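This report refers to the structure that appears directly beneath it.
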Amino acid sequence: MKKHVIVVGAGPGGLTSAMILAHRGFKVTIFEKAPVVGGRNAPLTIGDFTFDTGPTFLMMSYILKEMFEETERNVEDYLKFTSLDPLYRLKFDDFEFSPSPGADKTREQIFRLFPGNEAGFSRFLNRERARYEHLFPCLQKDYHSYKAYLDPIFIKALPHLGLGKSIFDNLGSYFTPDDLKICFTFQSKYLGMSPWDCPALFTMLPFIEHEYGIYHVEGGLNAISRAMAKVVKEEGGTINTKTAVKSIIVENRKACGVELANGEKIVCDDVFINADFGYAASELFEPGLMKKYTDNKLKKMRFSCSTFMLYLAVDKKYDNLPHHSILFAQDYKKNVEQITKTLELPEDPSIYIQNASVTDNTLAPEGHSTIYILVPMMNTTSAEPWEDIVSSYREKVIDIAEKRGGFTGLADHIVGEKIITPRNWESDYNIYNGATFNLAHNFSQLLSFRPKNRFEEFDHCYLVGGGTHPGSGLPTIYESGRISSNSMCDYYGIPYKTPSKLELKKRI
Ligand SMILES: Cc1cc2nc3c(=O)[nH]c(=O)nc-3n(C[C@H](O)[C@H](O)[C@H](O)COP(=O)(O)OP(=O)(O)OC[C@H]3O[C@@H](n4cnc5c(N)ncnc54)[C@H](O)[C@@H]3O)c2cc1C
């Protein structure tokens with residue numbers, strides 16, 4: 001008889017494992033509390049306008065391709081990709097930098113804006129390529145056992161860890177001006193971290209962008225989750241939306257089923273938890289069951305920052321503005337410290353604006369557009385009274401988009417909108433501390449020090465998503481789905497193709 005796996009949550013991590021496991025012959029049942037699949041990667045609709053709730057940058061599209069190959073499918077039969085050029089517009093008070101994929105145009109811009117630093121860009125690509133080629137295969141491994149550290153792949157990667165250095169320190173070995181270093185380190189925000197704290201090994205992020213590009217997917221990145229859900233169903237899996245799990249049933253420290261919010265109990269052989277890690281550890285198990293991840297331990301762990309979001313349906317198109325813009329605060333370091341350390345509401349925030357309708361006309365009616373604004377923000381460990389300040393902060397952010405971002409007349413063209421505050425992430429999306437990018441990625445919370453894919457608390461229980469190894473961000477979340485699936489297949493003796501046999505190369 002087929003082994004039955006229950007997956008709690010249909011976010012990118014849950015869907016990846018569900019499609020792989022269904023393909024490998026397991027009976028797979030997903031329970032998702034929301035009405036649609038995707039979690040933070042779900043579509044958000046306002047009338048005829050479709051936004052991505054969260055992710056808008058797809059990097060390493062070849063990893064996504066591999067996940068579909070795991071089920072003997074071609075991702076391009078399901079999704080249409082566009083490589084973005086420029087990658088993004090980085091706007092400071094006194095200059096704009098709009099790098100392109102591939103080195104030549106970017107090197108020329110660096111020469112024009114920061115003469116003398118163009119050689120540093122070539123050094124950056126060469127050295128960081130070596131780091132990526134050594135380190136990424138380590139992230140694809142399972143750290144269930146400490147033996148993983150004895151693997152020659154890991155030992156050869158040790159010199160590339162950049163221990164004791166931050167990503168900002170590391171960029172100092174390539175560039176002189178701080179603003180140029182910021183253009184190659186703001187990517188630590190993808191992990192919800194400060195460039196001055198984020199480990200140097202994450203210089204992989206800007207390297208990957210410059211080497212492999214950034215992609216948009218027609219319909220928005222939420223189309224990826226919808227495509228994965230389609231594969232799950234094609235493989236015979238079942239997806240129950242609007243079905244919240246109240247608790248995970250544990251007997252003799254073995255997960256053996258779930259109790260739904262309506263009281264129904266369903267038994268299974270294994271449980272995959274995709275719900276946010278901190279939320280799941282604190283809410284989905286009977287109090288007192290956790291030995292390691294107790295409430296006290298969770299309070300001591302480090303979590304990412306959060307985001308304040310504006311989704312604006314607009315009766316105008318901004319065809320002269322690029323797909324992604326980042327407008328930096330005048331004092332960027334202070335802004336980062338406010339959201340990660342001092343926990344003060346930034347009076348001069350940095351903001352990210354996605355103008356996806358410039359690339360994709362399926363998102364809004366003709367002549368209209370979707371404007372998505374993300375403001376990195378402190379998480380809910382700060383006591384900010386969001387209900388009281390939400391409307392004045394909304395105005396501040398729209399004003400910045402108009403005056404510094406060039407989105408002229410934005411306020412007058414809004415025909416529909418939605419706002420998500422850090423508190424909404426916590427209460428409506430079940431995200432612990434409203435920390436949208438999950439557990440922080442400091443060394444003490446990486447590899448085997450992150451909650452393990454084969455969850456160390458209970459047998460027959462696996463974690464997938466940004467709160468387990470390898471960490472937050474779509475490609476690594478997809479990897480978590482594959483690592484946990486492989487780990488369970490190891491347990492049952494089911495053969496599969498290991499990631500180390502897959503080539504690291506440009507695939508799409
Ligand atoms: C604003 C924002 C922007 C981001 N931008 C990017 C980006 O550009 N690129 C990138 O690579 N990454 C980005 N990320 C990070 C990351 O890729 C996404 O957050 C991703 O969706 C996380 O996937 P996940 O599988 O860990 O969990 P989630 O997407 O959170 O999925 C978990 C699922 O579990 C469900 N669930 C929770 N509790 C229960 C319950 N009790 N019962 C049943 N179901 C439950 C939830 O409803 C949800 O569907 C961004 C994140 C955010 C929030």
Side-chain angles (χ1 to χ4, degrees), residues 6-18 30-42 44 51-61 63-64 88 187 189-192 205 208-209 214-217 220-222 224-225 228-229 239-248 258-261 271-280 282-285 304-311 324 352 354 372-377 379 420 422 424-425 428-432 434-439 463-468 470-481 484:
I6 287 181
V7 182
V8 182
L15 289 165
T16 306
S17 49
I30 300 183
F31 293 110
E32 165 56 56
K33 85 175 185 73
V36 287
V37 299
R40 283 166 253 192
N41 181 224
L44 185 152
F51 298 80
D52 280 315
T53 306
T56 54
F57 281 50
L58 176 64
M59 289 157 63
M60 306 175 88
S61 49
I63 298 290
L64 176 62
Y88 30 63
Q187 293 81 352
K189 287 264 191 74
Y190 304 166
L191 305 172
L205 294 172
I208 290 165
E209 290 180 343
I214 296 174
Y215 289 83
H216 174 72
V217 176
L221 265 54
N222 65 85
I224 304 172
S225 282
M228 286 184 157
I239 303 179
N240 304 280
T241 50
K242 294 191 197 165
T243 313
V245 167
K246 185 170 140 206
S247 61
I248 293 167
V258 298
E259 180 175 351
L260 303 180
V271 177
F272 272 53
I273 304 176
N274 179 219
D276 179 78
F277 172 74
Y279 156 82
S282 57
E283 302 291 331
L284 290 185
F285 293 91
S304 75
C305 69
S306 186
T307 58
F308 174 80
M309 310 290 302
L310 290 182
Y311 307 89
H324 299 304
Y352 157 68
Q354 189 212 31
Y372 159 125
I373 309 186
L374 180 161
V375 189
M377 197 49 71
N379 64 33
I420 298 182
N424 300 136
W425 284 122
D428 305 347
Y429 289 82
N430 287 359
I431 297 175
Y432 189 83
T436 39
F437 308 101
N438 227 299
L439 285 168
L463 302 180
V464 287
T468 184
S472 184
L474 290 174
T476 42
I477 287 171
Y478 300 143
E479 287 292 0
S480 79
S484 297

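Atoms within each ligand, like the ligands themselves, are counted from 1 in listed order. Since the model is a prediction, treat every value here as computed from it, not as a measurement.
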Query raised in the report: Among G467, S472, A10, whose heavy atom sits nearest atom 15 (C) of ligand 1?
Result: S472
Requested in this report: Find all atoms of ligand 1 within a distance of less than 4.0 Å from any non-hydrogen atom belonging to L374, and give their numbers and elements.
Outcome: 1 (C), 3 (C)
Report summary line: ligand 1 to I477, heavy atom cutoff 4.0 Å, flagged ligand atoms 16 (C), 17 (O), 20 (C), 22 (C), 23 (O), 25 (O), 26 (O)
Query - Heavy-atom nearest neighbour of atom 53 (C) of ligand 1 within options I420, T436, L463 - result: T436
Query raised in the report: For Y190, is the nearest heavy atom under 4.0 Å from an atom of ligand 1?
Result: no
Query - atom 2 (C) of ligand 1: nearest protein contact (heavy atom, Å) - result: G54 CA, 3.5 Å
Query raised in the report: Does ligand 1 have an atom that lies less than 4.0 angstrom from a heavy atom of E283?
Result: no
Query raised in the report: Which heavy atom in L205 sits nearest to a heavy atom in Q187, and how many Å separate them?
Result: CD1-O, 3.6 Å
Report task. May I ask you to identify, for N41, whether its side chain, its backbone, both or neither come under 4.0 Å of ligand 1 on a heavy-atom basis? Result -> both
Query raised in the report: Between the side chains of E283 and Y432, is a donor N or O closer than 3.5 angstrom to an acceptor N or O?
Result: no
Report task. May I ask whether D276 has any heavy atom positioned less than 4.0 angstrom from an atom of ligand 1? Result -> no
Query - salt bridge (charged side-chain N to carboxylate O under 4.0 Å, His left out) against K242, all qualifying residues, sequence neighbours excluded - result: none
Query raised in the report: How long is the gap from OH on Y372 to OH on Y311, to the nearest 0.5 Å?
Result: 5.5 Å
Report task. Give yes if a backbone or side-chain nitrogen or oxygen of G465 is under 3.5 Å from a nitrogen or oxygen of ligand 1, and no if not. Result -> no
Query raised in the report: Just how far is it from atom OG of S306 to atom CD1 of I420, taken to the nearest 0.5 Å?
Result: 9.5 Å
Requested in this report: Using distance alone, determine whether P475 and ligand 1 share an N or O pair under 3.5 Å.
Outcome: no
**Report entry** Residues S472 and Y190: side-chain donor-acceptor under 3.5 angstrom
**Finding:** no
**Report entry** Heavy-atom nearest option to atom 40 (C) of ligand 1, drawn from V245, L205, V36
**Finding:** V245
Query raised in the report: Counting each atom of ligand 1 from 1 as listed, which ones have a heavy atom of G38 under 4.0 Å away?
Result: 29 (O)
Query raised in the report: Is L284 in polar range of ligand 1, meaning some N or O pair under 3.5 Å apart?
Result: no
Query - Separation between NZ of K189 and OH of Y352, rounded to the nearest 0.5 Å - result: 13.5 Å
Query raised in the report: What are the atoms of ligand 1, with element, lying closer than 4.0 Å to any heavy atom of Y372?
Result: 1 (C), 3 (C)
With a 3.5 Å cut-off and sequence neighbours excluded, list the donor-acceptor pairs that the side chains of residues 32-41 form with protein atoms.
{"unit_1": "E32", "atom_1": "OE1", "unit_2": "A10", "atom_2": "N", "d": "2.7"}
{"unit_1": "E32", "atom_1": "OE2", "unit_2": "A34", "atom_2": "N", "d": "2.7"}
{"unit_1": "K33", "atom_1": "NZ", "unit_2": "D428", "atom_2": "O", "d": "2.8"}
{"unit_1": "R40", "atom_1": "NH1", "unit_2": "T436", "atom_2": "O", "d": "2.8"}
{"unit_1": "R40", "atom_1": "NH2", "unit_2": "D276", "atom_2": "OD1", "d": "3.1"}
{"unit_1": "N41", "atom_1": "OD1", "unit_2": "S225", "atom_2": "OG", "d": "2.6"}
{"unit_1": "N41", "atom_1": "ND2", "unit_2": "L221", "atom_2": "O", "d": "3.4"}

Query raised in the report: Which option out of P55, G11, G9 puts a heavy atom nearest to atom 13 (C) of ligand 1?
Result: P55
Query raised in the report: When you measure from atom 19 (O) of ligand 1 to each heavy atom in M309, K242, E32, R40, which option holds the nearest one?
Result: R40
